[in-house]
Amino acid sequence: MKRILAVLLMITMLVGMFAFTSCGNTATKAQSNFEVPEGGYDGSEVTITFYNTMGSNLSTVLNYYIEEFNKLYPNIHVVSTQVGSYDDVRDQISTEITVGNQPNIAYCYPDHVALYNLAKAVVTLDNLIDSEIEITRADGTTEKLGLTEAELDNFIEGYYNEGKQFGDGLMYTMPLSKSTEVLYYNKTFFDQNGLTVPQTWDELEKVCEQIKAIDPASIPLGYDSESNWFITMCEQYKSPYTSATGDHFLFDNEQNRAFVKEFREWYQKGYLTTQTLYGAYTSGLFTSTNGTKSYMSIGSSAGATYQRPAANADGSYPFEVGIATIPQVSTENRKVISQGPSVCIFQKENPQEVIASWLFVKFITTNVEFQAEFAMASGYVPVLKSVAENEVYADFLANADGGTYVSALSAKVCLEQADAYYTSPAFNGSSTARDQAGALICKCLTADDGGDVDAMIKAAFEDAVAECEYNS
């Protein structure tokens with residue numbers, strides 16, 4: 001079934017490429033920087049559509065800033081359209097591309113953009129970013145069409161660089177709001193038992209051993225995303241995972257097999273479980289106050305409130321949540337994953353629609369007040385360094401604790417590890433590699449090794465690479 005769907009999708013994209021050719025759309029050209037019209041935005045009246053997954057709370061923030069944008073550009077009409085989940089956005093756009101009816105702007109993940117690029121439907125942003133054209137706004141003030149040095153420097157580097165992970169060095173996306181993984185731990189339990197929060201995986205193993213000695217029925221660690229775990233270990237070990245060019249699937253190597261074998265040993269000792277193996281988010285184990293418990297959980301920074309136990313009748317919490325950076329192979333090569341939506345701009349016959357789309361994308365990605373309010377409403381973290389100095393957001397961070405304001409504590413940790421973020425190469429097939437990496441960990445943790453664990457793990461890696469190649 002997977003193979004059939006992959007073939008149908010490829011056919012859909014090829015039909016889309018033909019559709020662009022038929023109507024003379026610029027998307028048929030070899031992918032290159034968008035050519036900025038002389039003068040930039042000419043003030044013409046245009047409507048731009050923005051596909052996203054925002055619920056009511058985030059839409060309220062966005063709509064306010066659309067109004068603020070319209071005070072500067074009253075002839076640019078932004079239509080925000082909520083389209084289900086991230087996958088729903090991807091699927092709808094993939095269909096609309098075939099008839100040239102894609103939106104102007106959309107929430108995206110790197111593998112979505114790699115898919116759209118089969119039809120060369122995404123605008124590369126380099127010339128827009130570099131443009132020195134001065135644009136006059138409705139209030140008489142001017143702004144540079146491109147990004148100033150100060151604006152560029154204000155982006156958290158790991159978040160910004162995600163837009164250039166497609167193998168050709170060009171910029172395809174701008175970061176909007178981000179999350180990562182953090183280590184949640186039961187601070188009350190750790191303090192009572194004199195446990196030290198682990199900074200490395202070796203230290204984590206020792207802490208798991210200590211926890212099992214204290215509570216033999218526990219599963220000390222829950223890790224929500226097996227895929228993130230595998231990919232992050234590759235980054236921390238500096239071992240190959242994938243490449244956007246040449247041979248794509250590089251993760252079958254001795255170093256990667258070694259860390260998976262080590263995790264299998266931990267699993268068999270009862271030290272850990274994962275979302276797939278547990279059958280649900282492992283926060284359920286972490287927040288449990290009876291039965292089997294975990295005392296550490298690695299999950300999304302945006303899900304901090306789900307890692308907090310239910311409040312007691314008096315409003316207090318059964319235990320205090322601590323949050324730290326995930327363990328590292330070495331503190332000299334700190335790596336944590338960058339997640340959360342970026343935005344991309346789509347090719348259109350009218351270049352003024354592209355310019356208008358860029359002006360709005362620039363407005364929401366570089367606006368400190370928007371980034372602060374959006375971050376507090378979403379649980380994600382802002383993509384700009386200076387948001388931490390914003391008065392409202394600084395007050396939010398100042399209230400950080402392991403109870404009522406646990407989301408602020410999570411954001412604080414994210415901002416403190418800004419130099420550690422990484423992103424993976426994006427190409428048509430990168431999502432398959434991610435899925436196979438996660439399935440690979442689950443298989444190797446639980447499979448019967450038949451008396452030869454090394455052979456079992458090697459075969460599992462070979463099968464995973466073969467599955468990637470078959471479906472790409």
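If you're wondering where the values come from, they're calculated on a predicted model, not measured in any experiment.
Counting heavy atoms of neighbouring residues, nucleotides and ligands inside a 6.0 Å radius, atom CD of Gln199 does not exceed 12 of them. Open room surrounds CD on Glu254; 12 or fewer heavy atoms of other groups in view lie less than 6.0 Å from it. Within 6.0 Å of OH on Tyr86 lie more than 12 heavy atoms contributed by other residues, nucleotides or ligands. Under a cut-off of 6.0 angstrom, the local environment of CG in Asp419 is crowded, with over 12 non-hydrogen atoms contributed by other residues, nucleotides or ligands. Taking a 6.0 Å sphere around CD of Glu157, one finds it holds 12 or fewer heavy atoms contributed by other residues, nucleotides or ligands. Residue Lys385 qualifies as enclosed at atom NZ: its count of foreign heavy atoms under 6.0 Å is above 12. Within 6.0 Å of the OH atom in Tyr281, the count of heavy atoms belonging to other residues, nucleotides or ligands does not exceed 12.
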* To do: Report the C-alpha separation of Tyr421 and Tyr160 in whole Å, then their side-chain angles, then the decisive distance to 0.1 Å, and conclude whether the ring-ring contact (aromatic ring centres under 6.0 Å, His included) test is met.
  => CA-CA 10 Å; Tyr421 294 126; Tyr160 183 82; over 10 Å; no

* Asked: Yes or no on ring-ring contact (aromatic ring centres under 6.0 Å, His included) for Tyr223 and Phe230, after CA distance, side-chain angles and deciding distance?
  -> CA-CA 11 Å; Tyr223 205 130; Phe230 185 96; over 10 Å; no

* Asked: Step by step, would you call Glu151 with Lys144 a salt bridge (charged side-chain N to carboxylate O under 4.0 Å, His left out)?
  -> CA-CA 11 Å; Glu151 287 170 335; Lys144 182 180 175 183; over 6 Å; no

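In this structure, the separation between CD on Gln210 and CD on Glu203 is 10.5 Å, given to the nearest 0.5 Å. Of the inter-residue distances, the one linking Ser218 atom OG with Met296 atom CE reads 9.0 Å to the nearest 0.5 angstrom. Between the SG atom in Cys468 and the CG atom in Asp463 there is a gap of 11.0 Å [rounded to 0.5 Å].
Within the 4.5 Å cutoff, side-chain heavy atoms of Leu183 are placed close to those of Ile298. Taking the side chain as every heavy atom from C-beta outward, Phe189 and Leu195 approach each other to under 4.5 Å. Between Thr95 and Asn101 the shortest side-chain heavy-atom distance does not fall below 4.5 Å. Side-chain contact between Ser225 and Glu181 is present, with at least one heavy-atom pair separated by less than 4.5 Å. Residues Pro220 and Tyr295 form no side-chain contact, since every pair of their non-hydrogen atoms from C-beta on lies 4.5 Å or further apart. Under the 4.5 Å side-chain criterion, counting only non-hydrogen atoms from C-beta, Asn367 is not in contact with Glu68. By the 4.5 Å heavy-atom criterion applied to side chains, Tyr116 and Arg90 are counted as neighbours. Between Ile345 and Val354 the shortest side-chain heavy-atom distance falls below 4.5 Å.
Side-chain contact annotation: Tyr159 with Ser342, donor-acceptor N/O pair under 3.5 Å absent. Gln236 and Trp201 are linked by a side-chain donor-acceptor pair at a separation below 3.5 angstrom, with hydrogens and angles left out of the test. In this model, no donor atom of one side chain and acceptor atom of the other lie less than 3.5 Å apart for Glu369 and Tyr65. In this model, no donor atom of one side chain and acceptor atom of the other lie less than 3.5 Å apart for Gln82 and Ser59. Donor-acceptor pairing under 3.5 Å is lacking for the side chains of Ser300 and Gln339. A donor and an acceptor atom, one from each side chain of Asp88 and Ser85, are located under 3.5 Å apart.
Considering Ser283, Ser410, Ser297 in turn, Ser297 is the only one that fulfils the side chain to side chain donor-acceptor pair (under 3.5 Å) rule with Gln307. Considering Ile364, Val387, Leu58, Val383 in turn, Leu58 is the only one that fulfils the side-chain contact (heavy atoms from CB on, under 4.5 Å) rule with Phe374.
The main-chain N or O of Asn127 is never found under 3.5 Å from a side-chain atom of Ser131 such that the two would form a donor-acceptor pair. Gln102 contributes a side-chain N or O that, together with a main-chain N or O of Gln347, makes up a donor-acceptor pair within less than 3.5 Å.
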Would you list the atom pairs, donor with acceptor, under 3.5 Å between side chains in residues 103-111 and any protein atom, with sequence neighbours excluded?
| from | atom 1 | to | atom 2 | distance (Å) |
| --- | --- | --- | --- | --- |
| Asn104 | OD1 | Thr49 | N | 2.9 |
| Asn104 | OD1 | Thr49 | OG1 | 3.4 |
| Asn104 | ND2 | Glu353 | OE1 | 2.9 |
| Tyr109 | OH | Gly340 | N | 3.3 |

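A salt bridge between Lys458 and Glu462 is present, with a side-chain N of the basic residue lying under 4.0 Å from a carboxylate O of the acidic one.
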